[in-house]
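Okay, so here's the structure we're looking at.
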Amino acid sequence: MENDLLHFSPYSYQSDESFKFLAGNWCQIPQLSHIETTYLSKNQISKEELIKEEAWAQLLYLNVIKALAKDLNNIHQINYSLLYWEILLSPFLHQAIATFIDHLRISKEVLLSGKKALILDTKEWGQGHRMLGGSSRLYHFCLYSEIVSSLTSHFEVVSNELIHQNLQKFGDGKKSLSSAQNNKKTTLLPRLKKCVRPLIDFYRGRVHLKHLHLFNQDVVLLGDQYLKNESLKKIFPHKQKYKLYTYLENINTENFAPCSLELRNSLKNLESSLQTPDEVILYQIIKKFLPSCYLENYFNAKEQIIPYMPKRKLFLLDSKNCSGGEAIDFLVAESVEKFNSQYLMACHGGCYGAMEVSFQEYLWSRISTYYALWSEAKQYSEKENCLTLPSLRFYKHVKSTTYANNSNQITLYLTGYYPNRYSYNSIYPYTMDPQYHHLLLNFLNELNPKHLSRIVVRDYHNSNKINKNVFSDFCLKNEILFQNNNTFIDSVKKSRICIHTLPQTTYLETLVLDHPTLCFWNTDANLIREDLTPYYQEMFDAEIFHESPLSAAKKLAQVYDNPQEWWYSQKIRNARESFLKHVCQVSEQTPQIWREFIESKLS
């Protein structure tokens, strides 16, 4: 056992007749040259099964949040609304419920083999003060361990010390709390930056949470909304003195009281709301991993935020793209509960707003006063609060010029493919495509030598490492370049044509930039909303989108010599214009449209 390398990703491997069942990585796969690694067939489920699972997730969420709201109100002797507790707890419950359902299915499939599972002793990891990042390997390992230990007695417990050793080697996944704490530096330069930063931010119109109460603005922006300062000034002119909040240290847990098993066992409403054998496992997960800032240290955590919160009704604009974590949730929940503040959630990125199944968007719709999509509005919950507003994220691309007339480069974008992302994605759960790398290989094999020699791969998330024998070895053999050290815009500017392999953010950006674009993906593994399929179909008919990599390669060969002539043909113009109007709305008048909408709600 001491000689085995613990591998924190959804893989299984055999060593000494023992089955090693381990949990989640983000994207970077360690090299395991001395171990034969086999990829687990996770998330290969039908559309009907996927929709059924999401319906179960929604039902579990409703049962859990109602029960927790009662329990926490009773424990803290308060009487706050269900919405208050949803704002606070939905980030934790999204990860707990979605990941529980995903891992439960995988665990049952794997344990049918009768092999031994390797699990973690979660006593040390459970009952933390704050939520571990949803992409944290440690978090997924803990959830797997809870599930497996509840399903079978045929497992082996690994020591926490061994876990620590391997996490130090590979990190704990992107956006991980542990990694952030372990990587803190105390050198002079970071300390100087910390002192100077508030002055610079204030000069740019940004204020720290603890200074918000000093200003009389009614609109507070949580996160940068993907906009540059010049764009924000157009939405919120300086004369109106709207402040942009962009940074916050999270809740300080240094003086928090330890977790209390007795207090956690008092979550009686939660216990009675989850009754089937599978749901009992979820109860144990929530009871163990519910952050103590909502239970044992609720008042301590809240008092770190309350003194700085403006004591008036606010309009809070949020894209869930900012620091602060639980501190932000407390700010929003308290402001909405006590001052009836309005809370607008803006479409975030990835494939948000376009997918048929989205547990995350269901939750965001429930907790927000308004949920703004850049696609045609879809009502995710019973609140009927979704609306369409032009994209804040892509406004910076409007009227941008990126085309390089003299470039021969064909950029193949793999950005957006997250091979181990679990429930972090906007759809639920993330439908893994077992053919993904084979589709890429088929596309490259179909290219003639001239075009193949001009391929450059932008693989920002290192997804090529998931199957290096199929894809990366081909690239190495054919001397295909990987470029990850430049910005996205620079990569587009250097491209004669951009090729995308998934219906996620990057393909929308090059379409908004009006740059020659080709896309192909497995439509069976990427479930587009039915009401949006006519606009996608127009793009397929125009041969911008392709279901087959062979078709995409053939089209590339046809248009490569003069891509602009093809791109500016009337058929392409019509399809692109219709697609952007209904699926990714952008506008030169974005600042004015957003400003008028917010002002109408303020009045």
Original post:
Under the 3.5 angstrom rule, does the side chain of Gln585 hit a backbone N or O of Thr388 as a donor-acceptor pair?
Top reply: no

Subject >> Under the side chain to side chain donor-acceptor pair (under 3.5 Å) test, residues paired with Glu565 that sit two or more places apart >> reply: Asn562

**OP:** Hey, can you tell me if Phe579 and Tyr536 have their rings parallel, tilted or perpendicular (30° and 60° cut-offs)?
**Re:** perpendicular

**OP:** Under the salt bridge (charged side-chain N to carboxylate O under 4.0 Å, His left out) rule, collect the residues that match up with Glu547, sequence neighbours excluded.
**Re:** none

Original post:
Would Arg573 and Asp514 satisfy side-chain contact (heavy atoms from CB on, under 4.5 Å), going step by step from the backbone distance to the final call?
Top reply: CA-CA 10 Å; Arg573 294 292 89 195; Asp514 207 4; 2.7 Å; yes

**OP:** Using salt bridge (charged side-chain N to carboxylate O under 4.0 Å, His left out) as the criterion, list what pairs up with Lys378, not counting sequence neighbours.
**Re:** none

Subject >> With Tyr371 via ring pair (Phe, Tyr, Trp, His ring centres under 6.0 Å) - residues at least two apart >> reply: none

Original post:
Of all residues at least two apart in sequence or in a different chain, which pass the side chain to side chain donor-acceptor pair (under 3.5 Å) check with Thr411?
Top reply: Gln409, Ser495

Original post:
What residue among Phe597, Tyr343, Trp594 forms ring pair (Phe, Tyr, Trp, His ring centres under 6.0 Å) with Tyr370?
Top reply: Phe597

Original post:
Checking Arg576 side chain against Trp567 main chain: does a donor-acceptor pair fall under 3.5 Å?
Top reply: no

Subject >> Check: Trp364 main-chain N/O paired with Ser368 side-chain donor or acceptor under 3.5 Å >> reply: yes

**OP:** Please identify each residue that fulfils ring pair (Phe, Tyr, Trp, His ring centres under 6.0 Å) with His582, with sequence neighbours left out.
**Re:** Tyr535

**OP:** Check for a donor-acceptor pair, side chain of Ser358 on one end and backbone N or O of Met355 on the other, with a separation under 3.5 Å.
**Re:** no

Original post:
Taking only residues two or more places apart in sequence or in another chain, which ones pass side chain to side chain donor-acceptor pair (under 3.5 Å) with Ser569?
Top reply: none

Original post:
Short question: side chain of Thr501, backbone of Tyr413 - any donor-acceptor pair under 3.5 Å?
Top reply: yes

Original post:
Got a sec, which residues hit ring pair (Phe, Tyr, Trp, His ring centres under 6.0 Å) with Tyr560, two or more places apart in sequence or on another chain?
Top reply: His451

Subject >> Residues that Phe520 engages under ring pair (Phe, Tyr, Trp, His ring centres under 6.0 Å), provided they are two or more places apart >> reply: Phe443

**OP:** Not counting sequence neighbours, which residues clear side chain to side chain donor-acceptor pair (under 3.5 Å) with Ser600? List them please.
**Re:** none

Subject >> Lys383: partners by side-chain contact (heavy atoms from CB on, under 4.5 Å), with sequence neighbours left out >> reply: Ser381, Asn385

Subject >> N/O donor-acceptor pair under 3.5 Å between Ser375 side chain and Gly353 backbone >> reply: yes

Subject >> Salt bridge flag under 4.0 Å for residues Asp490 and Arg458 >> reply: no

Subject >> Main-chain N/O of Val586 paired with Ser391 side-chain donor or acceptor, under 3.5 Å >> reply: no

Subject >> Counterpart residues, side-chain contact (heavy atoms from CB on, under 4.5 Å), relative to Ser587 (two or more places apart) >> reply: Pro390, Gln589, Thr590, Ile593

Original post:
Distance-only, no hydrogens or angles: does the Arg496 side chain make a donor-acceptor pair with backbone N or O of Asp561 under 3.5 Å?
Top reply: yes

